[in-house]
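Written out below as structure tokens is the structure these notes cover.
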Amino acid sequence: MYRDMTCGEPRGTDVGKIITLSGWVHRRRDHGGLTFIDIRDFSGLMQVVFNEDTATDAHALAGDLRSEWVIQVKGAVQERRPGAENPDLPTGAVELIASELTILNRSSTPPFEVEDDVNVADETRLRYRFVDLRRPRMYKNLKLRHDVIQSARTYMTNTGFLEIETPILLKSTPEGARDYVVPSRVHPGSFYALPQSPQQLKQLLMVSGVDRYFQFAHCFRDEDLRADRQPEHTQIDLEMSFVEQEDVLQVLEGLYTTMVRETRPDLEVPTPFPRMAYAEAIERYGSDKPDIRFGMEVARLTEIVSDSGFGVFESIASAGGAIRAIVAPGCADYTRRQTDALIEFVKSSGAQGLIPMHISPDVTSLEEVTLDDIRSPIRNHLSLETLKAMAEAAGAGPGDLMLIVAGPESVVNTAISNLRGEMGRRLELADPNVFSFLFVVDFPLFEWDDDRDGWAAMHHVFSSPRPEDVELLDSDPGVVLGQLYDLVLNGVELGSGSIRIIDRAVQEKVFELIGHSPEQVEERFGQLLRAFEYGAPPHGGMGLGLDRIVMLLAGEENIREVIAFPKTQAAVDPLFDAPGVITDEQLRELSIRVVNPGG
RNA sequence: GGCCCCGUGGUGUAGCGGUCCAACACGCCGCCCUGUCAAGGCGGAGAUCGGCAGUUCGAAUCUGCUCGGGGUCGCCA
């Protein structure tokens, strides 16, 4: 038996007990004849006292101890001397008077201290992840992730869902992201692909009569990484039969309010979750995943400035571009240095630049504003009337700072919505204790793909158009809205879903519009279409990023912090040094020859 | 693929043309120390400043390339 309780457990009520603890040496404070050791495990810290007079052997051995050695200590729980209590520790009222010490294992000097506030390079942390994860914050994140999964699993079970695992080794269905592939030994030249999501499998389960499916599904996408994107991530994947869009949204609202309530009861979750049309989200926020905890909506100035006489605006407007702005309230006193930083920010979001427009706080209303009250690089290119009209359209007044971005519509929307998020953070406009979920609905079914010069599915090819839009598939595919929905939380996209197509004619129309040949359709979707010939129930579902919701619940800004063994931006695991080369023998078995290795 | 930021003992930083065979804190090693909890005191070891090439009388410092890390645009149905 290694221990009677964990290191964080002993309390005043345990005084007088003889107990054994096991854990890591967190810190040693050696006073000569008296040595203190903080012994640590996942549950916390306990102070152990080694006294030369009363436990000579143990005290001598304690002198050898070093950080992160693994030890076992037996002793009596004792109340601390008056004045020696440590109110910062849950165990701080007591200490263990050691009588016996066993060294269970030694440790090399750790590369960094096991403390929450140490600032260590990400790569070093990942290389020594086993040390990194000993930090209380990381353990807390792992525990939170477990609790979230547990909460979701219970809720789904209670709501009639069946948890079903689906294959990791399956087939490439080139569509969307790049696949990770696995060569087949038995079938030379053939490859499995790891699932980007279990999309077709869960639909097959609906045809199989499962009725309600869910899974914590590992999904693999060979695309570039971001703070919120890893090459493999976990989705709460679900699918339901005999449902309409609103039925799915109801389940999601219940699931997410329950998860938050059970894991972060201190947070406020406004319900019901509002629904916002995609078009409205783009118009008001320039984004399909707006943070609705604060206003600062994005104004559209294109029409106001399209005939303003200012060539830059006119040419952008006539080319179909957009001129949009947000208002930073009370920020007219921003210095050149501050606005330059914002310009750099929007450039990093892909925009050409940013035009600041300061409105003096020395007037009482917009009507009184003269050219002298406006500070902006465009002041001399536009009439006072136009400048005022712009301010009015954006809702800017005296003392405010307008931030204007111009260019192609999509570029402007990306940049200005990112800028809105950044200003929201700088001005602390969003309450961190409020979790504002939002359903974005009525997404277009198709988006124009310039590269392929054709229509592409916005979500995926099985997403159903709204019934009232079906006839538009022939005449005007671009305006067809789908039974497509996203769940968004505080500016973060948590997941997407849809009601699926089960009508053969509609499905063929969609394939045709996207430009899939019958051969491609058979190759990629044959199995599902065949299943659909045998009685597919109406169904729909969703895939939701688990890592992202845990990240938000943990108050972290990077999903690496809530994944036990994540990868670097170059998709490398520094601990395993993965990916790595394989032996010639392995290559031979797989009938693979590496061309241009290392290049 | 593009853009931005970072790379100096184990860790985190300072130094930004010569006064640097590199400074500070923590950590590490040794000695002392019976009430500390970021223990304390004294002493010590530890870095060819990511790599390569160049500019210069002289490079941690300037330039180019390159490698690694982070952020981001594209990409991610």
Side-chain angles (χ1 to χ4, degrees), chain A residues 26-38 45-54 59 63 66-68 80-89 91-92 95 97 108-115 117-128 131 173-179 196-197 199-200 219-231 233 341 344-352 410-411 414-415 418 422 443 445-447 449-451 455-463 482 484 493 496-498 510 514 524 543 545 557-558 560 567-570 572 574:
Chain A
H26 185 65
R27 220 176 277 282
R28 184 174 59 121
R29 292 178 294 280
D30 190 342
H31 289 238
L34 194 67
T35 299
F36 298 94
I37 299 285
D38 292 334
L45 287 180
M46 175 73 177
Q47 172 162 283
V48 183
V49 184
F50 293 89
N51 192 314
E52 189 172 26
D53 299 335
T54 58
H59 175 267
R66 293 294 182 269
S67 286
E68 301 306 313
R80 292 200 188 185
R81 296 179 175 189
E85 303 91 348
N86 186 341
D88 296 333
L89 289 180
T91 61
E95 59 194 5
I97 307 301
S108 299
T109 300
F112 48 83
E113 291 175 72
V114 180
E115 289 284 353
D117 55 356
V118 292
N119 168 23
V120 184
D122 272 44
E123 196 193 3
T124 310
R125 291 179 55 199
L126 293 186
R127 193 177 300 284
Y128 296 94
V131 175
T173 57
E175 180 93 22
R178 229 173 267 117
D179 286 316
Q196 296 177 23
S197 80
Q199 184 59 41
Q200 291 192 45
C219 302
F220 305 86
R221 294 174 189 179
D222 187 5
E223 298 292 345
D224 289 346
L225 287 79
R226 288 285 189 283
D228 61 354
R229 273 163 35 191
Q230 283 273 311
H233 73 286
E344 281 312 304
F345 181 87
V346 298
K347 280 184 177 173
S348 78
S349 286
Q352 285 289 313
S410 62
V411 173
T414 298
N418 286 348
E422 174 68 12
F443 276 81
L445 201 55
F446 305 103
E447 57 187 344
D449 183 344
D450 284 330
D451 294 339
W455 294 107
M458 186 94 164
H459 182 52
H460 66 71
V461 292
F462 297 110
S463 294
L484 276 174
E493 181 195 317
S496 305
S498 67
V510 168
I514 294 174
R524 297 173 190 182
E557 293 185 344
N558 195 304
R560 285 192 301 267
K567 291 179 177 57
T568 68
Q569 196 164 80
V572 164

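Nothing here was measured: the structure is a model prediction, and the numbers come from that model. In what follows, chains carry the letters A, B, and so on, assigned in the order in which the sequence lines appear, proteins first and then strands, with residues in each chain numbered from 1.
Using a 4.0 Å heavy-atom criterion, one finds that A/Asp222 contacts no nucleic acid atom at all. Nucleic acid contact for A/Arg66: sugar-phosphate only, since backbone atoms but no base atoms lie under 4.0 Å from a heavy atom of the residue. Contacts of A/Ala84 with the nucleic acid, taken as non-hydrogen atoms under 4.0 Å apart, include base atoms. Counting any heavy atom pair closer than 4.0 Å across all strands shown, A/Glu85 reaches a base atom. Counting non-hydrogen atoms under 4.0 angstrom, A/Glu422 reaches nothing in the nucleic acid. A/Asp88 comes within 4.0 angstrom of nothing in the nucleic acid, heavy atoms only. Residue contacts for A/Ala456: at a heavy-atom cut-off of 4.0 Å it reaches no nucleic acid atom on any strand shown.
To the nearest angstrom, C1' of B/C6 lies 13 Å from CD of A/Gln569. The distance from atom CG of A/Asp122 to atom C1' of B/C5 is 14 Å, rounded to the nearest whole Å. Atom CZ of A/Arg81 and atom C1' of B/G35 are 6 Å apart (whole Å). Between A/Ile97 atom CD1 and B/C37 atom C1' the separation is 14 Å, expressed in whole Å. Counting to the nearest Å, the P atom of B/G35 and the CD1 atom of A/Ile37 are 16 Å from each other. Taking atom CG of residue A/Leu89 and atom C1' of nucleotide B/U36, one finds them 12 Å apart after rounding to whole Å. Put simply, CZ on A/Phe112 is 15 Å from P on B/C28, counting in whole angstrom units. Atom CG of A/Asn119 and atom P of B/G70 are 14 Å apart (whole Å).
Taking atom P on both B/U8 and B/A47, the two are 15 Å apart, rounded to the nearest angstrom. The same atom, P, is picked in B/G9 and in B/C52; the two are 15 Å apart, to the nearest Å. Between B/G64 and B/C4, the distance separating the two P atoms is 11 Å to the nearest Å. Taking atom P on both B/U19 and B/C5, the two are 29 Å apart, rounded to the nearest angstrom. Straight-line distance between the C1' atoms of B/C57 and B/U66: roughly 28 Å, to the nearest whole Å. Taking the P atom of each, B/G30 and B/G46 are spaced 16 Å apart, rounded to whole Å. To the nearest whole angstrom, the two P atoms, one in B/G51 and one in B/U61, are 10 Å apart. With C1' as the reference atom, B/G58 and B/G1 are 40 Å apart, rounded to whole Å.
Contact annotation: A/Gln47 does not reach the phosphate of B/U36 (side-chain N/O to OP1 or OP2, under 4.0 Å). Contact annotation: A/Ser67 does not reach the phosphate of B/G27 (side-chain N/O to OP1 or OP2, under 4.0 Å). A close approach under 4.0 Å does occur between a side-chain nitrogen or oxygen of A/Arg560 and OP1 or OP2 of B/G71. Between B/C73 and A/Asn418, a contact under 4.0 Å exists linking OP1 or OP2 to a side-chain N or O. Using a 4.0 Å cut-off, some side-chain N or O of A/Arg29 falls inside it from OP1 or OP2 of B/A39. At B/G69, none of the side-chain N or O atoms of A/Arg127 fall inside 4.0 Å of OP1 or OP2 (strictly under the cut-off). In this structure, A/Ser348 does not reach the B/C73 phosphate: none of its side-chain N or O atoms is under 4.0 Å from OP1 or OP2.
As the counterpart of B/C76, no nucleotide is assigned, since no Watson-Crick or G-U wobble pattern has both distances under 3.5 Å. A 3.5 Å limit on both hydrogen-bonding distances identifies no Watson-Crick or G-U partner for B/G17. Both distances falling under 3.5 Å, in either a Watson-Crick or a G-U wobble arrangement, place B/A53 opposite B/U63. B/C3 is paired with B/G71 under the criterion used here, namely a Watson-Crick or G-U wobble arrangement in which both key atom distances are under 3.5 Å.
Side-chain proximity of A/Thr414 to the nucleotides B/C76, B/A39, B/G74 is greatest for B/G74. Looking at the side chain of A/Asp30, the nearest of the listed nucleotides B/G35, B/G69, B/C33 is B/C33. Checked against B/C26, B/G69, B/U11, the side chain of A/Glu113 finds its nearest nucleotide in B/C26. Here the nucleotide nearest the side chain of A/Glu123, chosen from B/U72, B/G69, B/U36, is B/G69.
If A/Glu52 and A/Arg226 are placed on RNA chain B by their nearest nucleotide, the residue sitting closer to the 5' end is A/Glu52. Each of A/Arg221 and A/Asp228 lies near RNA chain B, and the nucleotide nearest A/Asp228 is the one positioned closer to the 5' end.
With hydrogens and angles left out, the side chain of A/Asp224 and the base of B/C76 share no donor-acceptor pair within 3.5 Å. Under 3.5 Å, the side chain of A/Glu95 and the base of B/G35 form at least one donor-acceptor pair of N or O atoms. Below the 3.5 angstrom threshold, one finds a donor paired with an acceptor across the side chain of A/Arg229 and the base of B/C75.
The side-chain contact (heavy atoms from CB on, under 4.5 Å) test with A/Cys219 is passed by exactly one of A/Gln230, A/Gln199, A/Gln196, A/His233: A/His233. Partner A/Asp38 forms a side chain to side chain donor-acceptor pair (under 3.5 Å) with one of A/His26, A/Arg29, A/Arg28 and no other, that one being A/Arg29.
Applying the 6.0 Å contact sphere to CD of A/Glu557 captures no more than 12 heavy atoms from other residues, nucleotides or ligands.
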Checklist entry - When you look at A/Val572 and A/Lys567, which way does the side-chain contact (heavy atoms from CB on, under 4.5 Å) test go after all the steps? => result CA-CA 5 Å; A/Val572 164; A/Lys567 291 179 177 57; 5.9 Å; no
Next on the checklist: Go through it in stages, so that I can follow the logic: the residues are A/Leu126 and A/Thr568, the test is side-chain contact (heavy atoms from CB on, under 4.5 Å), and I'd like the CA-CA distance, side-chain angles, deciding distance and then a yes or no.
Outcome noted: CA-CA 8 Å; A/Leu126 293 186; A/Thr568 68; 3.9 Å; yes
Next on the checklist: Could you go through A/Phe50 and A/Ile97, starting from their C-alpha distance and side-chain angles, then the distance that decides it, and tell me whether this counts as side-chain contact (heavy atoms from CB on, under 4.5 Å)?
Outcome noted: CA-CA 6 Å; A/Phe50 293 89; A/Ile97 307 301; over 6 Å; no
Next on the checklist: Set out, in order, the CA-CA distance, both residues' side-chain angles and the distance that settles side-chain contact (heavy atoms from CB on, under 4.5 Å) for A/Leu89 and A/Gln47, then state yes or no.
Outcome noted: CA-CA 10 Å; A/Leu89 289 180; A/Gln47 172 162 283; 5.7 Å; no
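By the 4.0 Å N-to-carboxylate-O rule, A/Arg27 lies too far from A/Glu68 to be salt-bridged with it. Between A/Glu223 and A/Arg229 there is no salt bridge, since no side-chain nitrogen of the basic residue lies less than 4.0 Å from a carboxylate oxygen of the acidic one.
Here A/Phe36 counts as stacked on B/U36: its ring centre is under 5.5 angstrom from the base ring centre and the planes meet at under 30°. By the 5.5 Å and 30° criteria, A/His31 is stacked with the base of B/A39.
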